[in-house]
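First comes the structure, then the notes that go with it.
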Amino acid sequence: GGDDNESTLTENAVKIFPNPANAVVTVQANEEGLKLEGIEVLDITGKVVYSTQSINGTEAKIDVNSWSSGMYIVRISTSNGVGIQKLSVR
């Protein structure tokens, strides 16, 4: 805290639900004044399976219907820094 310029979000600043998911995932800003800007989803090999940079709101939906089941890493860029969460697809 204090003088690190890489601001990271608190764990519950962004909600991802349902988790585990099998159809549509909602990514939702859960903090006053927080805006989503971009989302990048990586599979466990580090390959980007989903990417958008044009959200500009407090909520985004991702269709995971055709994804392989397993763990994914969701990187969420917001007006307040970057958050990383895990998403399970089944």
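Between Gly38 and Gln53, the shortest heavy-atom contact is CA-OE1, 3.8 Å. In terms of heavy-atom proximity, Leu34 sits nearest to Ala13 at CD2-O, 3.5 Å.
Note: Ile76 CD1 to Glu37 CD = 12.5 Å, rounded to the nearest 0.5 Å. The distance from atom CH2 of Trp67 to atom OH of Tyr72, rounded to the nearest 0.5 Å, is 6.5 Å. Here Asp43 contributes atom CG and Met71 contributes atom CE; the two are 11.5 Å apart, rounded to the nearest 0.5 Å.
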Would you give me the side-chain donor-acceptor pairs under 3.5 Å for residues 14-29, sequence neighbours excluded?
unit_1, atom_1, unit_2, atom_2, d
Asn19, OD1, Ser88, N, 2.9
Asn19, ND2, Lys86, O, 3.0
Thr26, OG1, Lys61, NZ, 3.2
Gln28, NE2, Glu59, OE1, 2.8

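A donor-acceptor pair under 3.5 Å links the side-chain atoms of Asn30 to the main chain of Asn12, judged by distance alone. Looking at Ser79, its side chain does come within 3.5 Å of a backbone N or O of Lys35 through a donor-acceptor pair.
Under the 4.5 Å side-chain heavy-atom criterion for grouping Ile, Leu, Val, Met, Phe, Trp and Tyr, Ile55 is connected to Val49 within one hydrophobic cluster. Residues Val64 and Tyr50 fall within the same hydrophobic cluster, defined by Ile, Leu, Val, Met, Phe, Trp and Tyr side chains chained together at heavy-atom separations under 4.5 Å. Under the 4.5 Å side-chain heavy-atom criterion for grouping Ile, Leu, Val, Met, Phe, Trp and Tyr, Leu42 is not connected to Leu87 through any hydrophobic cluster.
Residues satisfying the side chain to side chain donor-acceptor pair (under 3.5 Å) criterion with Ser66, sequence neighbours excluded, are absent altogether.
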- Message: Test side-chain hydrogen bond (donor to acceptor under 3.5 Å, both in side chains) on Thr78 and Glu31; report intermediate values, then the result.
- Response: CA-CA 11 Å; Thr78 73; Glu31 239 172 40; over 6 Å; no
